[in-house]
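As structure tokens, the structure follows; a few thoughts come after it.
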Amino acid sequence: MSAAQVNHSLAERVEDATPPEIEALARRYGQQRPDVHRAWNSVLTGLLAHRSIRAYLPDKLPEGALEAIVAAAQSAASSSNLQTWSVVVVEDEARRARLSDYAGGQAHIRQAPLFLVFLSDLSRIERLAGEADRPVEGLRYLETFLISAIDAALAAQNAVVALESLGLGAVYIGALRNKPNEVARELGLPPHVAPVFGLCVGYPDPAVQSAVKPRLPQRVVVHRETYQARPRDEGIAVYDELLRQFQVSQGLPAVGWVEAVLKRLGSVQALNGRDRLQAELKALGYELR
Ligand SMILES: Cc1cc2nc3c(=O)[nH]c(=O)nc-3n(C[C@H](O)[C@H](O)[C@H](O)COP(=O)(O)O)c2cc1C
């Protein structure tokens with residue numbers, strides 16, 4: 001092949017190459033992908049590549065990775081800088097097995113080398129107030145529990161973005177709220193501390209495929225200036241079909257999105273014990289006034 005031919009075929013390849021944003025947006029939205037024009041960078045490529053990982057290699061995290069992930073988590077915004085969250089780092093196999101049992105037997109909690117439990121933690125401020133002999137009326141209210149749960153979620157999501165950037169994978173475990181008091185006993189939590197969710201962390205097992213799960217089209221979730229109630233949104237029907245195709249590609253039953261959502265929230269039984277959350281939190285010292 002002559003130099004001119006090589007140059008020509010290279011140029012062709014460059015022209016053929018799909019820009020990273022088109023690829024990332026197509027994976028996330030299918031044909032209903034938005035046009036971002038030139039608003040793109042490598043952070044966005046990373047964010048749009050997120051997928052939950054439920055199969056892990058046994059390899060532990062490299063030295064310093066946990067500290068870097070926690071630094072990212074602590075860099076998230078915090079309501080009034082109250083920092084009302086903590087995290088318990090669980091590596092012990094037997095403890096992970098017990099936590100898996102409390103969370104409906106999810107196998108990835110046993111398999112992932114690291115399990116992080118993100119906590120609502122009002123005990124730090126409770127102790128400060130006790131030592132200073134000062135009132136903390138504000139801690140008794142639902143608002144403060146919500147603040148701590150939001151803080152924990154923002155911190156955890158920063159952790160997820162950080163660990164994914166290091167080639168690791170994760171999956172949130174909301175099922176820890178099925179049995180918050182058992183989890184609290186297992187982790188030795190003091191009063192005014194409650195698990196918000198867990199996070200399995202480790203290297204994804206390359207033998208088990210995982211794919212980017214499509215999301216609702218932007219026109220379904222974005223409202224301009226005021227909320228537009230849409231009695232029957234055809235964007236949802238298109239998404240339902242897209243998710244059905246995704247489920248088939250993953251070897252899952254093609255239930256679509258609407259059916260999955262209605263089933264997940266259709267009955268008290270489907271809450272798997274979380275219908276008792278208020279009482280469980282009260283038993284952990286939260287008043288939720
Ligand atoms: C707060 C929270 C709790 C979750 N709990 C669980 C869980 O207990 N088990 C699980 O397998 N996935 C859990 N997930 C993962 C979701 O199912 C997943 O994020 C969703 O299906 C979208 O898929 P993706 O993360 O791959 O994009 C949870 C996600 C969030 C945000």
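Numbering of ligands and ligand atoms starts at 1, following listing order.
- Here the side chain of Gln111 pairs no donor or acceptor atom with the backbone of Leu57 at under 3.5 angstrom.
- Counting heavy-atom neighbours within 6.0 Å of Gln209 CD, excluding the residue itself, gives a total above 12.
- Using a heavy-atom distance under 4.0 Å as the criterion, the protein contacts of ligand 1 are His50, Arg51, Ser52, Arg54, Gln106, His108, Val171, Tyr172, Ile173, Gly174, Ala175, Lys213, Arg215.
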Using distance only, find each side-chain donor-acceptor pair of residues 60-77 under 3.5 Å and give its atom names and separation, not counting sequence neighbours.
unit_1, atom_1, unit_2, atom_2, d
Ser75, OG, Ala71, O, 2.7

Identify all side-chain donor-acceptor contacts of residues 129-144 below 3.5 Å with residues at least two apart in sequence or on another chain.
unit_1, atom_1, unit_2, atom_2, d
Glu137, OE1, Arg289, NH1, 3.4
Arg140, NH1, Glu126, OE1, 3.3
Arg140, NH2, Glu126, OE2, 3.2
Thr144, OG1, Gly138, O, 2.4

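- The hydrophobic cluster containing Phe197 also contains Leu163, counting ILVMFWY residues as joined when their side-chain heavy atoms lie under 4.5 angstrom apart, directly or transitively.
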Can you give each donor-acceptor pair under 3.5 Å made by side-chain atoms of residues 175-182, sequence neighbours left out, with the distance rounded to 0.1 Å?
unit_1, atom_1, unit_2, atom_2, d
Arg177, NH1, Val196, O, 2.6
Asn178, OD1, Arg274, NE, 2.9
Asn178, OD1, Arg274, NH2, 3.4
Asn181, ND2, Glu280, O, 3.2
Asn181, ND2, Glu280, OE1, 2.5

